[in-house]
Amino acid sequence: MVKKRYKILAVCGIILLALSLFVMLFGVTTNKTASAYDGASEICEHDYKAEVIGATCKEKGYTLYTCEKCTDSYKDGFTDVLEHSFKDIVVEPTCTNSGYTTHFCVNCGYEFTDSYLNPLGHSFVDEVTVATCITDGYTVHTCSACDYAYTDSVVLAFGHDYKAIVTEPTCLEKGFTTHTCENCEDSYTDSETEATGHSYGAETVDATCTAYGYVLHKCEDCESQYVTDYVNPLGHKFEDTVVEATPTEIGYTKHTCTECEYSYLSDFVRSGEQPTDAKEPTKPETPVEPSEPITPENPDTPTEPTTPDEPSEHEHKYSVTAELDKENKNIHISYICECGEENNSVITVTFTEEKGNRYDFVIDDNGNVNFAEVESGKYEVEMLDENGDTVMWYELEIEKEEEPITPIEPSEPTTPDEPTEPTEPTTPDNPDEPNVEDGGEKKGGSPALFIGTLVALILLAAGGIVTAVIIKKKKNKKGDK
């Protein structure tokens with residue numbers, strides 16, 4: 001009886017295990033059936049909405065079906081990947097950079113580069129600046145294509161080559177030595193010597209009947225002169241000679257000076273008649289006594305006597321023009337009358353700096369003023385005539401001369417790295433079969449699968465318990481025997 005009962009329990013355990021396996025298999029089959037037919041589930045009656053996703057250069061196109069009730073979805077109707085639609089961008093080579101062509105897809109942004117061209121290299125035009133006495137020479141190489149430039153072939157300034165000309169002192173002016181550069185006409189003066197002063201000699205001029213006598217002091221080295229020691233005129237000493245009248249000629253008395261050859265006639269008469277209609281000649285007037293001459297305060301260094309103006313038919317009217325050459329530091333001044341007469345020697349030029357420094361220049365015979373010795377800065381330039389009146393005034397800014405920049409040799413242009421060929425977009429292994437990641441399977445777990453799994457677990461647990469009880473009883477029974 002006991003054995004029969006054990007057998008019944010064992011059979012029940014086996015039936016429970018078989019039932020658990022059946023339920024599990026039924027749940028899985030139901031899940032697969034619901035996945036295959038989408039809508040056979042008794043939980044959701046799917047209502048799919050189709051959305052066509054167009055193919056691109058990188059991915060295939062397809063139709064996406066999405067349930068509006070439970071968001072379940074799947075794909076079908078796949079189309080092939082499209083070809084790229086390239087737009088070519090050509091970059092021309094420059095002097096230092098390579099040229100190339102970039103192919104850019106306007107649909108997906110994919111791009112690659114090819115058709116490389118080497119850099120063209122610079123095409124230089126040379127400009128030579130010759131060295132001078134005070135500035136360096138150099139050569140500037142400028143690329144005609146890209147304006148890149150560098151400087152080389154620097155030749156240092158070779159300095160002035162001065163020639164000395166000595167100007168001897170005069171009676172009134174100092175002597176000096178002028179040093180003029182034979183290359184650029186720059187000049188300066190030094191070695192000044194004092195004026196020698198006048199060296200007068202005395203010459204006595206005797207008085208005459210009508211002219212004063214005096215002593216003439218004349219410089220032996222120049223034309224300076226002055227007069228002293230005046231003596232009054234001596235007056236005439238006449239000797240009379242009577243000329244008798246004749247029947248055909250009038251008689252008269254002739255008065256002749258014994259000291260000079262001056263003479264005059266008077267006492268005119270006719271033959272046998274009184275001189276009734278004869279006119280008495282006018283007697284020369286006695287010379288007016290001159291005033292006393294002014295004696296110089298210092299006869300050894302007298303002032304220059306005034307030289308009378310030369311008579312002329314034209315009165316000069318001068319006008320001043322000035323041409324400024326800032327680069328060569330020179331001013332050309334023209335002080336010319338409309339008739340063509342030029343009188344540059346009466347003009348002086350003064351440079352007055354903001355700091356108060358002053359430079360005075362004398363115009364040369366050609367009308368030029370060289371202000372090379374004037375340093376950079378702002379100046380008031382004033383031109384004065386011989387009377388000290390301003391004939392022209394202006395402001396001048398002199399720039400500082402820049403030292404030439406030592407050129408830097410250009411480096412070789414860097415060649416860009418060759419680009420790698422682009423890789424084609426990855427094509428799915430089997431675009432017709434949807435995968436889980438693409439949404440080919442149903443989204444979310446099936447309720448039937450979940451319930452079947454839960455029931456199977458419960459039955460397995462019950463079967464296990466029954467089996468364990470049977471085994472335990474068998475062991476106890478063996479123990480009793």
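On a predicted model such as this, the values are computed, not experimentally measured, just so you know. Any value given below was found using the heavy atoms of this structure, including those in side chains, with hydrogens, waters and symmetry copies removed.
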Peer 1: Would K75 pass as a cation-pi partner of Y62, given that its NZ or CZ must be under 6.0 Å from the six-membered ring centre and within 45 degrees of the axis?
Peer 2: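 The answer is yes; both the distance and angle limits are met.
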Peer 1: Please find out if less than 6.0 Å separates the ring center of F371 from that of F361.
Peer 2: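 Distance test on ring centres: not under 6.0 Å, no.
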Peer 1: In terms of ring plane angle, is the pair Y65 and Y74 parallel, tilted or perpendicular, where the classes change at 30° and 60°?
Peer 2: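 Y65 vs Y74 ring planes: parallel.
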Peer 1: Fit a plane to each ring of Y252 and F268, take the angle between them on a 0 to 90° scale, and name the class: parallel (under 30°), tilted (30 to 60°) or perpendicular (over 60°).
Peer 2: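 Judged by the thresholds at 30° and 60°, the geometry between Y252 and F268 is tilted.
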Peer 1: Taking the six-membered ring for Trp, are F104 and F112 ring centroids under 6.0 Å apart?
Peer 2: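 Not under 6.0 Å, so no.
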Peer 1: If you measure from the Lys or Arg side-chain nitrogens to the Asp or Glu carboxylate oxygens, is any gap between D161 and K163 under 4.0 Å?
Peer 2: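 No, D161 and K163 are not salt-bridged.
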Peer 1: Hey, are the side chains of T142 and Y150 touching, using non-hydrogen atoms and a 4.5 Å cut-off?
Peer 2: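 No, side chains not in contact.
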Peer 1: Could you measure the distance from the OH atom of Y379 to the CD atom of E354? Nearest 0.5 Å is fine.
Peer 2: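 CD of E354 is found 9.5 Å from OH of Y379.
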Peer 1: Any idea how Y116 and Y100 line up, ring-wise: parallel (<30°), tilted (30 to 60°), or perpendicular (>60°)?
Peer 2: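 The rings of Y116 and Y100 sit tilted, inter-plane angle from 30° to 60°.
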Peer 1: Please report the C-alpha distance between K49 and D47 in whole Å, then the side-chain angles of each, then the deciding distance to 0.1 Å, and finally whether the salt bridge (charged side-chain N to carboxylate O under 4.0 Å, His left out) criterion is met.
Peer 2: CA-CA 7 Å; K49 180 180 179 181; D47 183 10; over 6 Å; no
Peer 1: Calculate, to the nearest 0.5 Å, the distance between atoms CG and SG belonging to L172 and C222 respectively.
Peer 2: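 These two atoms lie 6.5 Å from each other.
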Peer 1: Hydrogens and angles aside, do D221 and H198 bring a side-chain donor and acceptor to less than 3.5 Å of each other?
Peer 2: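 No, H198 and D221 have no side-chain donor paired with an acceptor closer than 3.5 Å.
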